[in-house]
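This report concerns only the one structure given below.
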Amino acid sequence: MSLLVLKFGGTSVGTTDRIQNVADRVLRLRGEGHAVVVVVSAMSGETDRLLGLARAIQTRAEGRELDVLLSTGEQVTIALLSMALEARGCPARSYTGGQVSIVTDSAHNKARIRSIDDHRIRSDLNAGRAVVVAGFQGIDEEGAITTLGRGGSDTTAVALAAALKADECRIYTDVDGVYTTDPRVVKQARRLERITFEEMLEMASLGSKVLQIRSVEFAGKYNVPLRVLSSFEEGPGTLITTEEERVEQALVAGIAFNQNEAQLTIQGVPDQPGVAYAILGPIADANIEVDMIVQNIGADNTTDFTFTVNKNDYEKAMEVLGRVSSTLGARKVAGDTQIAKISVVGVGMRSHAGIASRMFETLARESINIRMISTSEIKISVVVDEKYLELGVRALHDAFELEREPAGQS
Ligand code: ASP
Ligand code: MG
């Protein structure tokens, strides 16, 4: 008998009918002989509704009381699902995060899980019950309710699967898997059978919002086989797993992109030790995260320095840069928000040369100018003008033949 942890997101439990469907699915899996722990999100829109209530009282609602409020959304769903299971003759128990000791730190609204006491869940499973656990919430050492950040139910599910040493953690959602790229941009995008944790992290951090990033990190760290699949259709979904188990021969797993960044340049700064720190120190102090960084080779004892930040931080970063610029005696500060980042992602890059040149050749053929380049072991990213985003993604998807099933796929 295998143990499965299933997670159903807001859309999948958005109405009582859908909750009934989830109960039917749980029954089918139990009928096939699996022991089942279910993690649920709040009904779709509920967390936003609660946030709206909080903000009507306190514009910048945050902290302890916000968590008390937001955690109620999931409490509704666990009760309804357990009722639906009981109505089908399936013994079930629902638990809040605190009741199964999902202990977190005290960082309200973005807490991290520290430990889980699985003995209660195990004894329910041993007694033949289905266990239903509220996602997104925990309890700190003082007993205060905490939440894990938006989308946190994914992390609850993975953490429970790790604690219980489950055979698989299945994330049921409104898409039927992870795709080679966004199907809204490339019609021929293909669902991947498998992808590695690392590739998934790169794809997710670049805006493929299928899973909360932290849940993928967690799954990779504890080696929890993670499957993303549709709660509305039957199908195998996409298995996220280790590199050893990834049988696909493709060099590239997918093309990710991101339109949420802006570019800033400070020109004509002195080419001397400490300059990068003089520029990026104040940016970090302003709590602005920097993504790509490029510094030119100096000429005439001066150099140019370019980096990207999230668009939300653009104004703030420009302000900081203005100040830095006068201290450093820089020639000019410039910025651009009309940019897009496109990345080719794949663990195959580790052992194969030529991916980068194929990427650059493809973009050149489409006359797309590359503004910045950065690489990691399994990713090559370029920044281009925003207007070339779709053209670039389509051309790359084509060039790496991602619409075709690679040989050796299971
Ligand atoms: N209900 C929470 C949210 O909307 C957690 C989740 O859905 O995973 O962010
Ligand atoms: Mg969600």
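Whatever order the structure lists ligands and atoms in, that order sets their numbers, starting from 1. On a predicted model such as this, the values are computed, not experimentally measured, just so you know.
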Practice problem: Tell me, please, which residues at least two apart from Glu217 pass side-chain contact (heavy atoms from CB on, under 4.5 Å). | Solution: Leu201, Ile213, Arg214
Practice problem: Please say whether Asp154 places an N or O atom under 3.5 Å from an N or O atom belonging to ligand 1. | Solution: no
Practice problem: Report yes if some heavy atom in the side chain of Asp117 is under 4.5 Å from a heavy atom in the side chain of Arg122; otherwise report no. | Solution: no
Quiz prompt | Ligand-residue contact atoms, ligand 1 with Arg150, heavy atoms, under 4.0 Å | solution = 3 (C), 4 (O), 9 (O)
Practice problem: Could you name the option among Ala42, Ser153, Ser215 that has the heavy atom nearest to atom 8 (O) of ligand 1? | Solution: Ser153
Quiz item: Is there a donor-acceptor pair under 3.5 Å between the side chain of Arg227 and the backbone N or O of Ile240?
Solution: no
Can you list, pair by pair, the side-chain donor-acceptor contacts under 3.5 Å of residues 353-367, counting residues two or more places apart and other chains?
unit_1, atom_1, unit_2, atom_2, d
Ser357, OG, Gly354, O, 3.2
Arg358, NH1, Ala399, O, 3.1
Thr362, OG1, Arg358, O, 2.6

Quiz item: For ligand 1, is Gln212 a contact, meaning one of its heavy atoms is under 4.0 Å away?
Solution: no
Practice problem: State the atoms of ligand 1, each with its element, that fall below the 4.0 Å cut-off from a heavy-atom position in Gly151. | Solution: 3 (C), 5 (C), 6 (C), 8 (O), 9 (O)
Quiz item: Do Asn109 and Asp67 have side chains that get closer than 4.5 Å, going by heavy atoms?
Solution: yes
Quiz item: Does Lys7 reach ligand 1 with a nitrogen or oxygen that is under 3.5 Å from one of the ligand's nitrogen or oxygen atoms?
Solution: no
Exercise. Answer yes or no: is there a donor N or O on one side and an acceptor on the other, between the side chain of Asp336 and the main chain of Gln338, under 3.5 Å?
Key: yes
Self-check item: ligand 1 contacted by Gly135 (non-hydrogen, < 4.0 Å)
Solution: no
